[in-house]
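Here is the structure we will look at, set down as structure tokens.
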Amino acid sequence: QVRLVEFGGGLVQAGGSLRLSCVASGGTFSFNTMGWFRQAPGKERNFVAGIGRSGATTDYGNSVKGRFTISRDNAKRAMYLQMDSLKPEDTAVYYCASRPGEAMPTNPDFYDNWGQGTQVTVSS
């Protein structure tokens with residue numbers, strides 16, 4: 001069982017940047033595709049970005065393309081999300097998630113393990 005913990009959320013002004021981290025314990029980190037999702041109050045949990053096992057493959061939700069960058073360091077069992085040019089509509093709880101294998105679905109139902117979430121608030 002993989003346990004995931006997110007770090008790095010906070011309050012930032014529009015146009016600013018934040019870097020989220022997700023650290024894994026248990027399991028074999030490099031066997032898992034990783035993803036970032038977010039959920040705003042009253043809304044569904046949506047795909048933000050995903051990264052394949054080696055880090056060579058990435059995917060982004062349309063609303064964050066060109067602004068967010070996902071990366072991972074398998075030696076440190078960590079994944080990151082660099083968020084630039086933040087907008088108020090990026091405000092949400094951000095979750096990291098993992099699933100075994102190379103497939104990178106955008107549907108959160110296909111991810112097995114989840115962190116507790118970290119709040120990101122972007123003020124206008």
Side-chain angles (χ1 to χ4, degrees):
Q1 184 77 7
V2 177
R3 180 172 178 264
L4 304 172
V5 180
E6 301 97 337
F7 302 93
L11 173 64
V12 64
Q13 289 189 331
S17 297
L18 279 176
R19 188 187 193 219
L20 303 184
S21 300
C22 173
V23 178
S25 60
T28 304
F29 184 72
S30 61
F31 284 3
N32 291 274
T33 286
M34 302 294 295
W36 286 101
F37 291 78
R38 67 186 182 187
Q39 188 167 20
K43 296 190 176 181
E44 295 182 343
R45 190 169 296 190
N46 290 323
F47 177 79
V48 175
I51 188 165
R53 293 182 296 179
S54 69
T57 304
T58 59
D59 190 20
Y60 295 91
N62 288 333
S63 62
V64 307
K65 282 181 181 177
R67 300 188 298 122
F68 291 10
T69 303
I70 190 171
S71 61
R72 67 189 291 167
D73 184 336
N74 286 346
K76 295 182 178 179
R77 302 174 62 86
M79 174 181 67
Y80 309 99
L81 186 67
Q82 177 66 39
M83 305 186 294
D84 298 318
S85 302
L86 282 161
K87 305 175 180 179
E89 51 264 44
D90 294 319
T91 296
V93 177
Y94 283 70
Y95 299 89
C96 68
S98 72
R99 67 182 310 278
E102 193 64 34
M104 196 184 306
T106 60
N107 187 330
D109 292 343
F110 292 105
Y111 287 77
D112 300 326
N113 300 294
W114 292 85
Q116 82 287 351
T118 186
Q119 176 70 47
V120 171
T121 303
V122 184
S123 63
S124 57

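All residue numbers refer to positions in the sequence shown, counting from 1. The analysis underlying the following values was restricted to heavy atoms, covering all of them including side chains, and did not include hydrogens, waters or symmetry mates.
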Cut-off 3.5 Å, no hydrogens considered: what does the side-chain donor-acceptor table look like for residues 55-63, sequence neighbours left out?
| residue | atom | partner | partner atom | Å |
| --- | --- | --- | --- | --- |
| Y60 | OH | I70 | N | 2.9 |
| N62 | OD1 | K65 | NZ | 3.3 |
| S63 | OG | R38 | NH2 | 3.1 |

For residues 45-52, tabulate all N or O donor-acceptor pairs below 3.5 Å that involve a side-chain atom, not counting sequence neighbours.
| residue | atom | partner | partner atom | Å |
| --- | --- | --- | --- | --- |
| R45 | NE | Q39 | OE1 | 3.2 |
| R45 | NH2 | Q39 | OE1 | 3.3 |

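Clustering of Ile, Leu, Val, Met, Phe, Trp and Tyr side chains at separations under 4.5 Å leaves L11 isolated, with no partner residue.
Under the 4.5 Å side-chain heavy-atom criterion for Ile, Leu, Val, Met, Phe, Trp and Tyr, M104 and M79 are members of distinct hydrophobic clusters. Under the 4.5 Å side-chain heavy-atom criterion for grouping Ile, Leu, Val, Met, Phe, Trp and Tyr, V93 is connected to W114 within one hydrophobic cluster. A continuous path of ILVMFWY side-chain contacts below 4.5 Å connects V12 to F68, so both sit in one hydrophobic cluster.
With sequence neighbours excluded, the residues forming a side chain to side chain donor-acceptor pair (under 3.5 Å) with S98 are N113, listed by chain and number. In this structure R67 satisfies the side chain to side chain donor-acceptor pair (under 3.5 Å) test together with D90, sequence neighbours excluded. Residues satisfying the side chain to side chain donor-acceptor pair (under 3.5 Å) criterion with R53, sequence neighbours excluded, are E102. Remark: Y111 pairs with F37 by the ring pair (Phe, Tyr, Trp, His ring centres under 6.0 Å) rule, at least two apart or across chains. Taking Q119 as the reference, T121 meet the side chain to side chain donor-acceptor pair (under 3.5 Å) condition, with sequence neighbours excluded.
Applying the side-chain hydrogen bond (donor to acceptor under 3.5 Å, both in side chains) rule to pairs touching residues 17-36 yields S17-D84, sequence neighbours excluded. Applying the disulfide bond (SG atoms under 2.5 Å apart) rule to pairs touching residues 46-83 yields nothing, sequence neighbours excluded. The disulfide bond (SG atoms under 2.5 Å apart) contacts involving residues 18-124 comprise C22-C96, where partners must be two or more places apart or lie in separate chains. For residues 80-107, no residue pair satisfies the ring-ring contact (aromatic ring centres under 6.0 Å, His included) rule, not counting sequence neighbours.
Residues N74 and F31 form no side-chain contact, since every pair of their non-hydrogen atoms from C-beta on lies 4.5 Å or further apart.
Looking at every heavy atom in both residues, P105 comes nearest to R99 through CD-CD, 3.4 Å. Residues P88 and A14 approach most closely at CD-CB, 4.1 Å, considering heavy atoms. In plain terms, the two heavy atoms of V2 and A24 that are nearest each other are CG1-CB, 4.0 Å. The shortest heavy-atom contact between L4 and M34 is CD2-CE, 4.0 Å. Of all non-hydrogen atoms in P100 and D112, the two that sit nearest each other are CD-OD2, 2.9 Å.
Without hydrogens or angle criteria, E6 side chain to G117 main chain gives a donor-acceptor distance under 3.5 Å.
Between the NZ atom in K87 and the OG atom in S124 there is a gap of 14.0 Å [rounded to 0.5 Å]. Note: Q82 CD to L18 CG = 8.5 Å, rounded to the nearest 0.5 Å.
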